[in-house]
Amino acid sequence: MELQQMRYVIAVAETDSFTRAAQRCLVVQSALSHQIARLEKELGARLFERTSRRVRLTPAGAAFLPAARQCLDAAERAAAEVSAVIGEVRGRLAVGLIPTVAAVDVPTVLKEFHRRHPKARISLGVGASNELVEQVRHGEIEVAFLGIPVTARPQGVMARELARGRLVAVVSPDHPLAGETSVDLRRLSSEVFVDLPAKTAGRAQSDLAFSAAGLTREVAFEVTNADYLARLVGAGLGVGLLPPAYVAGHTGMVTIEVTDAPARAEYVIWGREGLTPAAAAFLDLLGIEREGKQAPPARP
């Protein structure tokens, strides 16, 4: 069983096509098909069901795929460790972040990282804080940037707090509140809101603040992405609560200070089980002191 055969299987599974998989792997389709057929003969089981319309994994293929990915990851990490010994960082760096991260200019940091380590492959994913924590815990990504309520802590991962800040209210230019310079949560509680889904860390920041003040509010529109949240607010569908640094990069909204605003803390997190050379180099670039220690307790 060869690593290249595993790469071909993974490519077909991810593209649902022998043709697209061959294009991704930069080989002719006949060569890719031949290698997969050899592997199937060696295993004694078909990995794919092939029809004129589609390609899909068989039960045997579905069982083989996770192990193949783990094997390739291990081989890639082994090669990266050898390169690190001779002073060269290569391999994969998978980074996750929330759309509203403000404590770090992620594109600028990635640009510098690529300049220093051009042989490292970088993948960037955007998601919710709770999802990113799980992905780091399970080794799907190496490093992530989150925003969570100041009363919470990332669990099951190594973490370093980067910054704290308060949210601001945002409304459309023709909203009745657009002329206000500041409001409080009691005034906002009578408004209709656009917010992230319930039980997400981004939503919890605001829910906890209203609850602590003994207030309730109506969230009429739930969206999974902060960019679309901003678009709905700009269209006049409701009030949003967002970090001021994020709002500064968007037009079509009016910002209002909230005197008792929800607060959030931004963290960078990484796995407990050791870092790849690329992830270690990335955290070093951020100036993160690791030494295997957890982040200090959150400040009151």
Side-chain angles (χ1 to χ4, degrees), residues 96-107 125-133 144-152 161-267 298-300:
L97 76 161
I98 56 171
T100 58
V101 63
V104 173
D105 185 345
V106 177
V126 178
S129 293
N130 49 323
E131 296 171 351
L132 295 173
V133 171
F145 297 94
L146 355 156
I148 59 177
V150 294
T151 54
E161 185 178 316
L162 298 173
R164 292 188 175 203
R166 293 190 173 275
L167 306 184
V168 294
V170 288
V171 298
S172 63
D174 58 355
H175 191 279
L177 290 177
E180 302 288 337
T181 56
S182 66
V183 294
D184 59 16
L185 291 180
R186 182 168 298 279
R187 173 66 182 85
L188 289 176
S189 65
S190 62
E191 300 292 333
V192 171
F193 278 82
V194 182
D195 211 331
L196 299 171
K199 298 183 179 180
T200 61
R203 170 74 171 269
Q205 300 157 23
S206 299
D207 284 348
L208 288 171
F210 278 95
S211 177
L215 301 169
T216 60
R217 60 172 180 150
E218 178 188 358
V219 178
F221 301 93
E222 290 186 346
V223 295
T224 58
N225 184 284
D227 287 342
Y228 216 81
L229 188 159
R231 290 184 62 182
L232 294 186
V233 168
L237 274 69
V239 177
L241 288 165
L242 292 167
Y246 175 80
V247 176
H250 290 71
T251 58
M253 297 185 295
V254 175
T255 301
I256 308 168
E257 179 187 353
V258 182
T259 55
D260 49 352
R264 75 167 187 173
E266 290 191 23
Y267 284 86
R299 295 184 299 273

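By the 4.5 Å heavy-atom criterion applied to side chains, Leu215 and Leu188 are not counted as neighbours. Between Pro176 and Val171 the shortest side-chain heavy-atom distance does not fall below 4.5 Å. Annotation: side chain of Pro243 is in contact with side chain of Leu167 (closest heavy-atom distance under 4.5 Å). Side chains of Asp195 and Arg217 form a contact here, defined as non-hydrogen atoms less than 4.5 Å apart. Residues His175 and Val254 have side chains not in contact (no heavy-atom distance under 4.5 Å, counting atoms from C-beta outward).
Considering every non-hydrogen atom in both Val239 and Ala169, the closest pair reads CG1-CB, 4.3 Å. Between Ala201 and Pro149, the shortest heavy-atom contact is O-CD, 3.8 Å. Pairing each heavy atom of Thr224 with each of Leu196, the nearest pair is C-CD2, 4.2 Å. Closest heavy-atom contact between Leu162 and Tyr267: CD1-C, 3.9 Å. Taking each heavy atom of Leu241 and Ser206 in turn, the nearest pair found is CD1-OG, 3.4 Å. Contact between Val247 and Met253 at its shortest, heavy atoms only, is CG1-CE, 4.1 Å.
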Residues Thr100, Arg264; criterion side-chain contact (heavy atoms from CB on, under 4.5 Å); working and verdict: CA-CA 11 Å; Thr100 58; Arg264 75 167 187 173; 2.9 Å; yes
Criterion side-chain contact (heavy atoms from CB on, under 4.5 Å) on Arg166 and Val258, from CA distance to verdict: CA-CA 9 Å; Arg166 293 190 173 275; Val258 182; over 6 Å; no
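Separating the OG1 atom in Thr151 from the CG atom in Leu208 is a distance of 5.5 Å, to the nearest 0.5 Å. Here the CD atom belonging to Glu131 is positioned 9.0 Å from the OG1 atom belonging to Thr200, to the nearest 0.5 angstrom. Here the straight-line distance linking atom CG of Leu232 with atom CZ of Phe221 works out to 7.0 Å at 0.5 Å rounding. Between Asp184 atom CG and Thr259 atom OG1 the span is 4.5 Å, to the nearest 0.5 Å.
Between the side chain of Glu266 and the backbone N or O of Ala102 there is at least one donor-acceptor pair closer than 3.5 Å. A donor-acceptor pair under 3.5 Å is formed between the side chain of Ser189 and the backbone N or O of Arg186. Listed for the Tyr246 side chain is a donor-acceptor partner under 3.5 Å among the backbone atoms of Asp227. Ser129 contributes a side-chain N or O that, together with a main-chain N or O of Gly147, makes up a donor-acceptor pair within less than 3.5 Å.
With sequence neighbours excluded, the residues that form a salt bridge (charged side-chain N to carboxylate O under 4.0 Å, His left out) with Glu222 are Arg203. For Glu191, the salt bridge (charged side-chain N to carboxylate O under 4.0 Å, His left out) partners two or more places apart in sequence, or in a different chain, are Arg187.
Around the CZ atom of Arg231, the shell of radius 6.0 Å holds no more than 12 heavy atoms that belong to other residues, nucleotides or ligands.
For the side chain to side chain contact (heavy atoms under 4.5 Å, CB included) criterion with Val126, the lone passing option out of Leu132, Leu97, Ile98 is Leu97.
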